[in-house]
Amino acid sequence: MTSPLSSAHRLRNALQSIALLAAMAALGGFLGWTLFGQAGLWAAALGPLFVLAGNGGSSEMILRLTRAQPLAPEHAPALYRLTGLLAERAGLARMPRIYRVPAPALNAFAAGSRENPAIALTDGLLASLEPRELAGVLAHELSHVRARDVWVMTLAAVVGRMTSLMSFFGQMLLLILIPVSLFTGQGVPLLAIVLLIFAPTISGLLQLALSRTREFDADVGAIELTGDPRGLASALAKLERQRGNWMARIFMARAPSWLLTHPSTAERIRRLMELEREHALA
């Protein structure tokens with residue numbers, strides 16, 4: 001279900017993602033240039049790409065850490081048929097590997113690349129969702145795969161880690177330079193001090209904002225694959241009701257939205273219903 005409104009959502013989310021990644025790269029590059037000059041700038045620009053090039057096993061590591069187990073087609077034929085249909089609609093050349101995670105929590109995540117995708121679903125999710133809701137969740141994860149969001153978020157995480165390492169090194173350097181500057185009378189630039197202290201926090205907030213943007217984009221992609229905004233909205237509402245214990249819900253409810261990796265469920269459902277209304281009027 002592609003509509004002018006969903007296209008506008010996709011364009012806005014794409015522009016936001018580009019802007020956030022560019023801001024993270026600019027922050028890391030400026031920090032590298034401040035500390036090491038041109039060599040630091042090149043290291044900040046090319047370092048994450050070299051790390052990603054040798055990071056092919058990261059998805060397998062995530063699956064192992066979550067104790068994900070391959071789910072055989074004969075044990076879930078309906079799930080495989082549904083996933084295959086959605087993967088074909090998404091234009092994926094390869095059927096995703098499906099894993100089950102032995103956990104009661106309701107959760108799902110995508111791993112791997114577009115060429116070698118994997119989707120993991122918890123036992124709690126498989127037991128709790130109706131077929132219509134499960135289709136929405138699968139379509140959401142397949143949209144992450146189609147948009148290469150795993151790669152994008154890994155890149156953002158690597159940039160964030162490099163920024164934190166440079167910030168730590170710079171702060172250690174400041175401990176040496178500040179006493180020296182007191183004796184020599186040469187001041188340390190205030191901008192450099194502020195940047196070294198707050199760069200990891202700024203980078204982390206940009207990474208969280210990028211994650212929220214990619215979630216909105218995957219929601220739009222999901223309803224393009226299923227044509228059913230209400231199915232995904234129902235799944236999101238069910239996940240929200242059963243998410244964590246009461247203590248977790250209290251603390252998460254009080255956390256500002258800019259400190260969360262996902263947008264609020266209410267906002268995601270509101271946008272889905274907006275798209276459904278627009279489609280009904282078309």
Side-chain angles (χ1 to χ4, degrees), residues 1 56-151 153-154 211 214-245 248 261-262 265 268-269 272 276:
M1 183 180 70
S58 61
S59 295
E60 296 298 329
M61 183 180 299
I62 292 172
L63 292 169
R64 286 197 298 270
L65 288 173
T66 57
R67 296 183 295 123
Q69 304 165 3
L71 186 61
E74 58 269 22
H75 294 154
L79 177 62
Y80 266 84
R81 285 195 299 270
L82 178 58
T83 304
L85 175 62
L86 293 172
E88 183 179 353
R89 290 181 183 176
L92 299 181
R94 183 170 179 177
M95 167 79 178
R97 294 167 290 147
I98 301 178
Y99 291 79
R100 58 169 288 270
V101 179
L106 275 62
N107 195 19
F109 63 89
S113 63
R114 182 167 178 160
E115 292 72 27
N116 186 26
I119 293 179
L121 308 163
T122 62
D123 287 342
L125 185 109
L126 291 171
S128 300
L129 297 190
E130 302 295 330
R132 181 184 183 185
E133 298 168 337
L134 183 59
V137 172
L138 285 170
H140 175 93
E141 299 305 329
L142 286 169
S143 295
H144 278 309
V145 172
R146 179 173 62 177
R148 302 187 187 275
D149 283 342
V150 176
W151 186 90
M153 293 311 302
T154 302
S211 176
R214 302 318 302 155
E215 289 300 319
F216 278 135
D217 196 56
D219 285 347
V220 176
I223 64 172
E224 290 178 354
L225 296 179
T226 64
D228 183 19
R230 195 168 292 275
L232 178 57
S234 176
L236 291 173
K238 187 172 289 186
L239 266 65
E240 179 70 14
R241 287 194 301 269
Q242 300 187 19
R243 176 172 57 95
N245 54 33
T261 58
H262 285 54
T265 302
R268 292 174 70 184
I269 292 175
L272 289 170
E276 183 186 55

Do [X] and [Y] make a side-chain contact, defined as non-hydrogen atoms from C-beta onward lying under 4.5 Å apart?
| X | Y | value |
| --- | --- | --- |
| Leu125 | Val101 | no |
| Thr122 | Thr66 | no |
| Arg89 | Leu85 | yes |
| Pro102 | Gln69 | yes |
| Leu129 | Val137 | yes |

Worksheet item: Which pairs, with at least one residue in residues 72-130 and sequence neighbours excluded, count as a ring pair (Phe, Tyr, Trp, His ring centres under 6.0 Å)?
Response: none
Nearest 0.5 angstrom please: [X] [atom1] to [Y] [atom2], how far?
| X | Y | atom1 | atom2 | answer |
| --- | --- | --- | --- | --- |
| Ile119 | Glu141 | CD1 | CD | 6.5 Å |
| Arg268 | Leu232 | CZ | CG | 6.5 Å |
| Leu71 | Leu121 | CG | CG | 8.0 Å |
| Leu106 | Leu239 | CG | CG | 4.5 Å |
| Thr83 | Leu138 | OG1 | CG | 4.5 Å |
| Thr226 | Leu134 | OG1 | CG | 11.5 Å |

Worksheet entry | Pairs touching residues 126-140 that satisfy side-chain hydrogen bond (donor to acceptor under 3.5 Å, both in side chains), sequence neighbours left out |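 For residues 126-140, and leaving out neighbouring residues, the side-chain hydrogen bond (donor to acceptor under 3.5 Å, both in side chains) pairs sorted by first residue read Arg132-Asp228, Glu133-Ser234, Glu133-Lys238, His140-His144, His140-Glu215, His140-Asp219.
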Can you name the nearest heavy-atom pair linking [X] to [Y], along with the distance?
| X | Y | result |
| --- | --- | --- |
| Ala110 | Val145 | CB-CG2, 3.8 Å |
| Leu63 | Ala118 | CD1-CB, 4.4 Å |
| Met95 | Gly84 | SD-CA, 3.5 Å |
| Pro131 | Leu82 | O-CD2, 4.3 Å |
| Ala222 | Ser143 | N-OG, 3.2 Å |

Response to the item:
Residues at least two apart in sequence or cross-chain that pass side chain to side chain contact (heavy atoms under 4.5 Å, CB included) with Ala90, listed by chain then number, are Leu92, Arg146, Leu225
